[in-house]
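Sequence lines set the chain letters: A, B, ... in the order given, protein chains first and strands last, and positions in each chain run from 1.
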Amino acid sequence: MLGYLANRLLLMIPTLAGVAVLIFFMLRVVPGDIVEVKLRGDGGSVTQETIEAERARLGLDQPIHVQFVQWMTGLATLDLGNSMWTDRPVTEEIGVRLELTIQVAIMASIIAIMVAIPLGTISALFRDTWVDYVVRLVTIAGLAVPSFWLGMLIILGLLYYANWLPPITYTPIYVDPVANIAQLIWPAMAVGYRYSAVVARMVRSSIIEVMKEDYIRTARAKGVFEKLVVSRHAMRNAILPAITVIGLEFAFLIGGLVVTEQVFNLNGLGKLFVQAVSRNDFTLIQSIVMLIAVIFILSNLVVDVVYAWIDPRIRYGGR
Amino acid sequence: MQQTTSAPPSGTPPLLSVEDLHVHFVTSRGVVRAVEGVSYQVRPGEVLAIVGESGCGKSVSSLAVMRLLAKPAGRVVHGKIMFEGVNLLDLSDEEMRERRGRDISMIFQEPMTSLNPVLSIGQQLMEPLFIHLNMTEAQARERAVELLKMVGITDPERRLEQYPHQFSGGMRQRVMIAIGLACNPKLIIADEPTTALDVTIQAQILELMKELSRKLNIALVVITHNLGVVARYADRVNVMYAARVVEQGTADDVFLRPRHPYAMGLMRSVPRLDRPRGLKLETIEGLPPNLLDPPKGCRFAARCAFKADICEQDPPLNEVEAGHFSACLRAREFVAGTLAPAPAAPVEASARAGKASEPLLSVRGLKKFFTVARKGGLLSTQTSEVRAVNDVSFDIAPGETLGLVGESGCGKTTVGRMVLRLDNPTAGEIRFKGEDIAHKSPAELRAVRRKIQVIFQDPFSSLNPRMTIGQIISEPLMVYKIVPNAKAAAERVAELLVQVGLFAYMAERYPHEMSGGQRQRVGIARALAMEPEFIVCDEPVSALDVSIQGQIINLLENLQHRLNLTYLFIAHDLAVVRHISDRVVVMYLGRVMEMADGDALYAEPLHPYTKALLDAAPVPDPKIEKSRAARALKGELPSPLNPPTGCVFHTRCPLADADCRRIVPEPREARPGHFVACIKV
Ligand SMILES: Nc1ncnc2c1ncn2[C@@H]1O[C@H](COP(=O)(O)OP(=O)(O)O)[C@@H](O)[C@H]1O
Ligand code: SF4
Ligand code: SF4
Ligand SMILES: [Mg+2]
């Protein structure tokens, strides 16, 4: 298992290198650069010299291959450079926001798992009864309703019924857990709904499939309690496809929460990303893309490890 | 163990008594009456066999006893299922659950899918012990080890920790039996327990079940379509047809004196190991009725040679002789001997090729090694070699049928695929009409390809479901420009359909609208479209019911004589191979063990493996079977990844000694035309 993990981690390197190359050139293909935005942004007049000087300061006057070599060597030494806009180190810019975003993603995943697995299971077991219809209605709504809209409803609801608004400033969980949760639980719920809906539908269909399997009939023929037939025999098999979905959704939440962050006024990674793009802040964009790639790969790896842990056919390399 | 114990005295009260059982399935197309008025009894220690074509209600009637019918579609609408004096249908779900696995166990057909892939064998085996017998962990473990030993699994302590995918099919079925036996049930229902297994493993499993049932006085209901199995193991037999029991009696009654035309037909349509070739197989033409809308009166009438006016009445299951029941309205005439089926006709005299003629296909030193990733690490780059075919040589004369038999994984199909050049040989020669086709490029093969065609085992998966039968058959005609235009193609399709016993109008149909036997005929028509000289038949009848099997075999034989075809006939069923083949090659673990004229091979097998195979295959005759000693071959097929040294058969051979572990025996001509690869013969 350790060898396997080491192998997988090593395999990340070529993948990430590919991403690095791709994002570097894609940015350079798009016309316009940060200096224009920064200095001419509010219609002010600046001299051509000032612009050239700023270009030189940021290294944008160098030939493209030199910039590329700088970027790649920077990556290799884990030095991501400074933001072209704020001049602060990229790691510092990202750090705080990543913490917040990851926490929201984790909370949303927990909500999704806690809601989706029982809901999907019940829906499957009571297939084509009113219970199933209600659950399916709720989950379809979850797919249809945009998270930011739900977020707005939540805020309005809190204001109207509790006459209270969640705090606007971010407090890390290790500083004040209550204030932290009071702020982040709402966005987590807003995205958690759609997330639960996706996972619940997956759980439902895979339980329905698994319940038709021969080994379920075997379990019943052994006189196993119906509850155990579901929880022991069906669940472990049915959960496998749901885990894949959870992994993908989790990775998507990092950087994919732009509008929801806006609604809850959160200073998250999504917002930072949009800012960086609108400012043509190359170093920051590149770094965020690399980060998201790392998270995608890692969550995939976690999914595979969980798979292997649940499914002995993978663990022991059969079939 | 000698099979001399007879059925328990009929005086003992029945353990299970099914009375007038009716089961319906509500489907979108209407109500399927899957079981109609079935009654039977089983006594402790008795073995009851249920036989009949697929879809006749065997499984459904047994699942009804377990109360495991698919919900909500399946429902028992009438009848009683009395078990130890209690009607199981009156019990609550919880009371029924308590009986399942403790008093009544069921063993299912598919060992590969019947065990839960994510739970260990130990967990699955110990589960009923915890539930029904409240055992502690230690007691359950001890009992589980004992059970695995009882069903012949070595190293049981370690095996308990393993998972189903680490077991072969035969071993999984043993585990299923162990699970079935766990709580000492009084009744075991086994639904096709050995259908998916090889003959030698089948014999081991059935011997085991029979022995255990005698020893522990367990009543056994065995559902099967293998009449040889019935003859060997059953005390009593139920023959089912279209949701009803049509004949019921002791094994002797049903086999030796069948009193229902369907049962008679069944007995006569099985190819038999103990009969020489040359007799045409009897067949039951036609298909069973659709249970959505069954005909009035006798349901067998449409296929019955003895149909008369009275057959429009509903035939009751009457006792026609002591303890022997038949649902034929003319049964008494059969008993009295005034009515009897005609004797079997000989096969049309064939223009068999003489020995002297040049072989059409000649294979020399054929090898196929596959490279596979080593088990273990997901990314491990280590590989091993599977020796699927290792040094195989044979000739096939024009107009001849060469049978290729062996257990699954012995390399039969790979040989066929290489002859078709679907796989490229690792080494060796394949000469077709003197030309070596083993090393030709696909372009050079084009002309030869037409002449060598194939018929596959699974008629459904080999036909494109989105094409009509006409399109399927005419496709190669157009591709190879055998016909000038679409109109000629349509005419040729019609001609081919008639040639294989179908109707021209069926060209419009889609594969799913046809039965298994009809689909296999389409597969044959598609092969014939190319006007081949040579056809590789890979298990062409294995997926079909006995009566349909006979029809296809007869068709293949007739076509061979009419069109002067040559066959390589690959199968695991020795009786089928015996029936159709002129010469037979027996393979084991990629090597040829024995090769001889069919009659010589079956009359006097020389190789220990061939002997074991023939011993394992039951003959549908209870007189012969019950007097035969059980000689099940021990052990399982070794892995071809790591084949035994010397003679590959030595791990299972009763004659093996130190020499056999060293020397690889070459096939030698022990008698004229009879080759055997064994150093002791
Ligand atoms: N779940 C189901 N839904 C509808 N029809 C079914 C179902 N299971 C079985 N049947 C029908 O019941 C009949 C008997 O089936 P079965 O008992 O499985 O036959 P067999 O004799 O091959 O075991 C068939 O016509 C089959 O199509
Ligand atoms: S009742 Fe008539 S049709 Fe039916 S099996 Fe007997 S003879 Fe044939
Ligand atoms: S060579 Fe030896 S092991 Fe092989 S079949 Fe002959 S006697 Fe048996
Ligand atoms: Mg069945």
Side-chain angles (χ1 to χ4, degrees), chain A residues 1-12 125-129 132 206 208-240 243 301 304-319, chain B residues 63 66-72 93-94 96-121 123-125 127-132 161-167 175-176 179-180 182-183 185 189 191 373-381:
Chain A
M1 194 68 197
L2 280 179
Y4 169 67
L5 281 179
N7 247 331
R8 283 287 297 260
L9 290 173
L10 276 179
L11 271 181
M12 280 176 77
L125 296 181
F126 293 92
R127 189 185 177 184
D128 294 331
T129 64
D132 184 27
S206 83
I208 287 176
E209 276 316 301
V210 167
M211 291 304 282
K212 289 184 203 152
E213 292 284 344
D214 290 345
Y215 53 77
I216 296 296
R217 192 181 53 184
T218 307
R220 292 202 172 118
K222 285 196 283 192
V224 174
F225 300 95
E226 195 58 29
K227 271 193 203 125
L228 274 183
V229 170
V230 175
S231 63
R232 185 187 291 161
H233 290 264
M235 205 58 126
R236 288 188 67 165
N237 287 285
I239 207 76
L240 291 170
I243 288 171
L301 179 58
D304 286 353
V305 169
V306 174
Y307 248 86
W309 175 59
I310 295 182
D311 191 339
R313 285 167 295 187
I314 297 174
R315 207 178 328 148
Y316 296 111
R319 284 220 257 205
Chain B
L63 284 171
M66 291 295 277
R67 291 212 358 217
L68 284 176
L69 289 172
K71 276 179 203 166
D93 285 348
E94 177 55 21
M96 188 62 214
R97 185 199 59 70
E98 283 171 6
R99 282 174 173 74
R100 275 191 221 122
R102 192 189 66 195
D103 296 334
I104 313 176
S105 293
M106 187 152 180
I107 295 165
F108 298 99
Q109 171 170 8
E110 280 296 330
M112 303 314 268
T113 54
S114 291
L115 289 169
N116 193 327
V118 303
L119 299 178
S120 71
I121 297 297
Q123 281 171 307
Q124 300 189 56
L125 184 49
E127 198 170 28
L129 301 172
F130 294 132
I131 291 176
H132 296 299
E161 309 303 328
Q162 294 190 328
Y163 289 86
H165 74 273
Q166 293 163 307
F167 284 59
V175 172
M176 286 297 291
I179 291 174
C183 304
I189 301 174
D191 189 352
R374 187 74 69 72
K375 280 190 177 182
L378 286 168
L379 282 172
S380 118
T381 47

Which bit of [X] is near chain A, if near means a heavy-atom gap under 4.5 Å: side chain, backbone, both or neither?
| X | value |
| --- | --- |
| Met176(B) | side chain |
| Ile104(B) | backbone |
| Leu68(B) | side chain |

What heavy-atom pair brings [X] and [Y] nearest, and what distance separates the two atoms?
| X | Y | value |
| --- | --- | --- |
| Pro312(A) | Pro117(B) | CG-O, 3.1 Å |
| Val118(B) | Asn237(A) | CG1-OD1, 3.4 Å |
| Asp214(A) | Thr113(B) | OD2-OG1, 2.5 Å |
| Ala221(A) | Met106(B) | CB-CB, 4.4 Å |

Any chance you could measure [X], atom [atom1], to [Y], atom [atom2], to the nearest 0.5 Å?
| X | Y | atom1 | atom2 | result |
| --- | --- | --- | --- | --- |
| Gln166(B) | Arg313(A) | CD | CZ | 11.5 Å |
| Leu119(B) | Arg236(A) | CG | CZ | 6.0 Å |
| Asn116(B) | Glu213(A) | CG | CD | 9.0 Å |
| Phe130(B) | Leu228(A) | CZ | CG | 12.0 Å |

**Study point:** CZ (Phe126(A)) with more than 12 external heavy atoms under 6.0 Å
**Key:** no
Check your understanding: His233(A) and Glu127(B): side-chain donor and acceptor closer than 3.5 Å?
Key -> yes
Review point. Quick one: does Phe108(B)'s side chain get under 4.5 Å of Thr218(A)'s, heavy atoms only?
Key: yes
Check your understanding: Is a side-chain N or O of Lys222(A) found less than 3.5 angstrom from the main chain of Gln124(B), in a donor-acceptor match?
Key -> yes
Practice item. Please determine, among Arg220(A), Lys212(A), Arg217(A), the option with the most heavy-atom pairs under 4.5 Å with chain B. Key: Arg217(A)
Check your understanding: Can a salt bridge be assigned to the pair Glu226(A) and Arg97(B) using a cut-off of 4.0 Å between side-chain N and carboxylate O?
Key -> no
